[in-house]
Chemist: 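What follows is a structure written as structure tokens; I'll ask about it next.
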Amino acid sequence: EKLRDQVASVFLARPNEWIDARELVPVGGYGGWRTRKNECEHQLGMTILNRQYQQNGYRVSEYMFVKPATDLIQIMEVAA
């Protein structure tokens, strides 16, 4: 399995949830997780947001895969 696919799996398992970048390092590689995240966006069409903030003197960087609204529409159609 490609590292890109492993990173995508993390995002897909936790849609619409902020994930600390440090959780992506062991999955996508220390020097390559950002590249794998970019591949998820450009090659797989995933929308991934980033937010950063200071906490205890450190910068925290988090990412979130935004699940497409079409999934919600499909769920609603099945439930109807």
Side-chain angles (χ1 to χ4, degrees):
E1 185 175 23
K2 290 182 173 183
L3 290 176
R4 179 205 69 190
D5 296 337
Q6 292 176 17
V7 170
S9 292
V10 172
F11 285 119
L12 291 169
R14 296 165 63 184
N16 304 317
E17 177 183 333
W18 289 107
I19 300 171
D20 191 310
R22 293 172 290 187
E23 294 182 47
L24 300 172
V25 171
V27 180
Y30 180 78
W33 71 269
R34 284 185 189 91
T35 300
R36 307 294 85 82
K37 191 268 306 174
N38 289 338
E39 289 172 350
C40 288
E41 292 175 306
H42 299 289
Q43 296 174 6
L44 302 178
M46 298 174 75
T47 299
I48 301 172
L49 304 179
N50 173 247
R51 71 176 179 185
Q52 298 179 10
Y53 56 91
Q54 293 290 321
Q55 185 176 51
N56 300 324
Y58 295 95
R59 180 181 301 179
V60 176
S61 184
E62 297 176 327
Y63 293 86
M64 177 174 57
F65 162 60
V66 179
K67 191 169 186 175
T70 53
D71 288 351
L72 180 58
I73 292 168
Q74 290 172 353
I75 291 168
M76 292 171 60
E77 289 174 352
V78 169

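Both backbone and side-chain heavy atoms feed into the values below; hydrogens, waters and symmetry mates do not.
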Chemist: What distance do Glu39 atom CD and Met46 atom CE have between them, rounded to the nearest 0.5 Å?
Modeler: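 Reported value, rounded in 0.5 Å steps: 12.5 Å.
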Chemist: With the 4.5 Å side-chain cut-off for hydrophobic clustering, are Leu12 and Leu24 part of the same group?
Modeler: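 Shared cluster, yes.
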Chemist: With side-chain contact (heavy atoms from CB on, under 4.5 Å) as the test, would you mind laying out the steps for Val66 and Asn16 before giving the verdict?
Modeler: CA-CA 5 Å; Val66 179; Asn16 304 317; 4.1 Å; yes
Chemist: Work out which heavy atom in Phe11 is nearest to a heavy atom in Met64; give both atom names and the distance.
Modeler: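 Here Phe11 and Met64 meet closest at CE2-N, 4.4 Å.
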Chemist: State yes or no: do Tyr63 and Val25 share one hydrophobic cluster built from I, L, V, M, F, W and Y residues joined by side-chain heavy-atom distances below 4.5 Å, directly or via other members?
Modeler: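 Hydrophobic grouping puts Tyr63 with Val25.
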Chemist: On a heavy-atom basis, which atom in Gly28 and which in Leu3 lie closest, and how many Å separate them?
Modeler: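 Heavy atoms of Gly28 and Leu3 come nearest at O-CD1, 3.9 Å.
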Chemist: Does a sphere of radius 6.0 Å around OH in Tyr58 hold more than 12 heavy atoms from other residues, nucleotides or ligands, not counting ones at 6.0 Å or beyond?
Modeler: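 Check fails, neighbour count at 12 or below.
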Chemist: Following the transitive rule for hydrophobic clusters with a side-chain heavy-atom cut-off under 4.5 Å over Ile, Leu, Val, Met, Phe, Trp and Tyr, establish whether Val10 and Leu49 coincide in one cluster.
Modeler: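 Per the 4.5 Å side-chain linkage, Val10 and Leu49 are not co-clustered.
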Chemist: With clusters defined by side-chain heavy atoms of hydrophobic residues (ILVMFWY) lying less than 4.5 Å apart, directly or transitively, does Trp18 cluster with Ile48?
Modeler: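 Ile48 and Trp18: separate clusters.
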Chemist: Counting heavy atoms not belonging to Arg51, are there more than 12 under 6.0 Å from its CZ?
Modeler: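 Atom CZ in Arg51 is packed in, count exceeds 12.
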Chemist: Is any side-chain heavy atom of Val27 less than 4.5 Å from a side-chain heavy atom of Trp33?
Modeler: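 When only atoms from C-beta onward are counted, Trp33 and Val27 do not touch, as no gap falls below 4.5 Å.
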Chemist: For the residue pair Glu62 and Asp20, what are the closest heavy atoms and their distance?
Modeler: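 Heavy atoms of Glu62 and Asp20 come nearest at CG-CA, 4.0 Å.
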Chemist: Nearest 0.5 Å, please: how far is CD in Gln43 from NZ in Lys2?
Modeler: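 Going from NZ on Lys2 over to CD on Gln43, the span is 6.5 Å.
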Chemist: Go through the steps to decide whether Arg4 and Leu44 satisfy the test side-chain contact (heavy atoms from CB on, under 4.5 Å), and finish with yes or no.
Modeler: CA-CA 9 Å; Arg4 179 205 69 190; Leu44 302 178; 3.8 Å; yes
Chemist: Decide if atom CZ of Arg22 counts as having more than 12 heavy atoms of other residues, nucleotides or ligands within a radius under 6.0 Å.
Modeler: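 Atom CZ in Arg22 is not packed in, count stays at 12 or less.
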